[in-house]
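Just so you know, these numbers come straight off a predicted model, no measurement behind them. Computed from heavy atoms alone, side chains included, the values below leave out hydrogens, waters and symmetry copies. Sequence lines set the chain letters: A, B, ... in the order given, protein chains first and strands last, and positions in each chain run from 1.
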There are 2 protein chains.
Amino acid sequence: MTERKSRKDAARNREAVLAAADALFTRGGSPEDVTMADVAAAAGVGKGTIFRAFGDRAGLLRALYEVRLEPVREAVETGPPPLGPAASPRDRVPALLDAVLCFKLDNRRLALALEEGGGGSPYRAEHYERWHGLLRAVLEQIPGLADSGFAAHALLAATRADLVEHLAGEERVPRERLRAQLADFVAGFLASAPPRGAAAAE
Amino acid sequence: MTERKSRKDAARNREAVLAAADALFTRGGSPEDVTMADVAAAAGVGKGTIFRAFGDRAGLLRALYEVRLEPVREAVETGPPPLGPAASPRDRVPALLDAVLCFKLDNRRLALALEEGGGGSPYRAEHYERWHGLLRAVLEQIPGLADSGFAAHALLAATRADLVEHLAGEERVPRERLRAQLADFVAGFLASAPPRGAAAAE
DNA sequence: TAGAATCCGGACTGTGGGTCCGTTTTGACG
DNA sequence: CGTCAAAACGGACCCACAGTCCGGATTCTA
């Protein structure tokens with residue numbers, strides 16, 4: 001009942017396309033250099049098959065993205081702290097942003113392709129809205145912070161795929177250093193709301 | 001001696017193209033919908049003329065961007081506080097970011113076109129490097145802040161053209177409200193470094 | 001005003017996303 | 001197992017657009 005039963009060749013080809021696209025995008029090189037025809041050839045299907053299954057290029061990218069994002073989403077929704085819902089807001093915010101950063105580090109070309117040529121704004125994508133809504137809600141629980149809606153946008157903007165690519169890929173900033181920098185930045189922002197009765201400096 | 005003397009028709013056409021492109025990009029509608037042929041037609045020249053004068057689409061966009069950015073750049077480099085060099089770092093950081101935000105609000109479609117289809121990363125553009133270098137230097141002067149290089153990137157990311165477009169264009173957030181939100185966010189971040197001997201909360 | 005250097009402009013090319021439709025596969029039913 | 005309609009296949013085809021090319025027009029120099 002989950003979905004209309006689809007013909008088995010359709011399902012098989014869908015998987016083949018996803019696998020092929022996955023491989024092609026993971027391989028080094030600009031995401032723009034991977035054409036739909038390339039994907040079709042690598043998957044051993046015709047172009048028509050891809051477009052029927054995914055609608056357009058952006059659809060394919062989104063589908064791939066969702067697949068890869070699945071584990072992270074699960075960890076966030078039902079996992080243990082600090083990522084899961086049981087964590088305190090002050091711990092969860094940095095954990096969430098770190099998770100996003102790590103995801104983009106692990107899926108640079110894909111995230112890049114999706115954010116750049118992904119049709120319209122990345123801001124209309126529903127996966128962005130998920131992240132934003134969640135982050136906003138968590139920020140909301142921390143009193144004394146500025147507009148949490150904008151703050152959520154701004155913090156997420158620090159993990160934009162092309163920025164990550166620039167820093168990690170272009171400037172060769174090591175993964176752990178980048179994570180630390182983001183963590184510091186987030187910590188700085190969170191520090192603007194006094195943790196308790198405001199006991200101030202050390 | 002500023003530049004090789006160019007033929008007067010070349011100069012005239014260059015201006016015509018800039019003016020036409022300016023008008024076309026300012027007019028509502030997606031920047032992608034403005035083709036080079038459109039610009040050529042509007043300017044009353046042939047396509048070849050545009051490509052000879054600006055190299056490629058990105059070159060035209062960059063040239064336009066520079067022209068529009070000129071006043072802001074001057075205000076930043078030689079203007080009065082809080083934008084100019086005489087301002088204290090704590091005042092100048094928010095002023096700089098506000099200036100960037102206002103600029104992008106005033107030039108939404110253009111900034112969008114440049115950041116999206118602008119060839120490669122926006123992070124390799126030299127105007128980005130100017131802003132980043134400047135912001136970084138100013139942040140550097142505020143003791144107690146996290147890595148100023150990354151912080152500069154992160155703060156600038158909050159003014160990304162597509163985010164601005166999303167908030168101001170899509171969600172109809174009024175200009176002044178957006179400025180206030182950014183200002184709050186920046187203030188929050190700056191507050192993480194104690195202004196003086198850390199007199200703490202109010 | 002002659003001649004050369006430079007520029008003009010629009011026809012032309014290459015590329016890649018997306019569509020179309022004749023052919024093939026699948027699965028339900030008798 | 002044989003038949004048939006629905007669904008899927010695939011690659012030839014279309015189109016839009018960035019970027020190129022070159023014969024002809026324009027502008028500078030002498």
Side-chain angles (χ1 to χ4, degrees), chain A residues 3-21 24-25 27 29-65 109-110 112-120, chain B residues 1 3-21 24-25 29-65 109-110 112-120:
Chain A
E3 272 159 359
R4 276 260 174 268
K5 57 183 175 184
S6 70
R7 259 170 54 169
K8 114 181 119 179
D9 53 347
R12 173 172 43 77
N13 279 338
R14 185 188 168 89
E15 292 312 308
V17 168
L18 277 177
L24 286 182
F25 279 114
R27 258 195 196 80
S30 241
E32 341 269 283
D33 292 345
V34 178
T35 76
M36 293 288 128
D38 289 341
V39 176
V45 304
K47 268 176 47 171
T49 303
I50 295 188
F51 284 96
R52 198 170 324 101
F54 299 97
D56 58 4
R57 184 185 170 90
L60 172 59
L61 273 320
R62 272 196 304 269
L64 242 182
Y65 203 77
R109 340 303 283 205
L110 179 57
L112 210 51
L114 193 54
E115 285 187 22
E116 282 187 352
Chain B
M1 213 98 317
E3 272 158 0
R4 276 255 174 272
K5 58 183 172 182
S6 68
R7 261 171 52 171
K8 119 180 115 175
D9 54 347
R12 174 172 44 75
N13 280 337
R14 184 189 169 89
E15 292 311 309
V17 168
L18 276 176
L24 286 182
F25 280 114
S30 239
E32 341 269 281
D33 292 345
V34 179
T35 77
M36 296 309 248
D38 290 340
V39 176
V45 304
K47 269 175 50 173
T49 303
I50 295 187
F51 285 96
R52 197 170 326 100
F54 299 98
D56 58 5
R57 185 183 170 90
L60 171 58
L61 273 319
R62 272 196 303 270
L64 242 184
Y65 203 78
R109 340 303 284 205
L110 178 58
L112 210 51
L114 193 54
E115 285 188 21
E116 282 186 352

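Pairs engaging residues 34-55 of chain B under the salt bridge (Lys or Arg N to Asp or Glu O under 4.0 Å) rule: none recorded [sequence neighbours left out].
The side chain of A:Thr49 contributes an N or O atom lying less than 4.0 Å from OP1 or OP2 of D:dG10. A close approach under 4.0 Å does not occur between any side-chain nitrogen or oxygen of A:Asn13 and OP1 or OP2 of D:dA8. Contact annotation: B:Arg7 does not reach the phosphate of C:dT6 (side-chain N/O to OP1 or OP2, under 4.0 Å).
Computed from coordinates, the A:Leu61 CG to C:dG17 C1' distance equals 13 Å when rounded to whole Å. Atom C1' of nucleotide C:dG17 and atom CG of A:Asp33 are separated by 15 Å, given to the nearest angstrom. Between A:Asp9 atom CG and C:dT23 atom C1' there is a gap of 14 Å when expressed in whole angstrom units. Rounding to whole angstrom units, CZ of residue B:Phe54 and C1' of D:dA18 are separated by 16 Å. Computed from coordinates, the B:Asp38 CG to C:dG10 C1' distance equals 15 Å when rounded to whole Å. Across the protein-nucleic acid pair, A:Arg12 atom CZ and C:dT25 atom P stand 11 Å apart, rounded to whole Å. Here the P atom of nucleotide D:dC9 and the CZ atom of A:Arg14 are 11 Å apart, to the nearest Å. Spacing between atom CD of A:Glu15 and atom P of D:dC9 amounts to 13 Å, rounded to whole angstrom units.
For B:Arg52 against D:dG19, no side-chain N or O and base N or O form a donor-acceptor pair under 3.5 Å.
Comparing B:Lys8 and B:Asp56, the nucleotide of DNA chain D nearest to each residue sits closer to the 5' end for B:Asp56.
Listed nucleotides D:dA8, D:dG19, C:dG9 differ in distance to B:Lys47; the shortest reach to its side chain belongs to D:dG19. Checking C:dT19, C:dC8, D:dA18 against the side-chain heavy atoms of B:Met36 singles out D:dA18 as nearest.
Contact record, B:Ala20 with B:Val39: CB-O, 4.0 Å, taken as the closest heavy-atom pair. What you find for B:Pro31 and B:Arg109 is that their closest heavy atoms are CG-O, 3.5 Å. Across A:Asp56 and A:Arg62, no two heavy atoms sit closer than the pair OD1-NH2, 4.5 Å.
Looking only at side-chain heavy atoms (C-beta outward), A:Leu114 and A:Phe25 stay at 4.5 Å or farther from each other.
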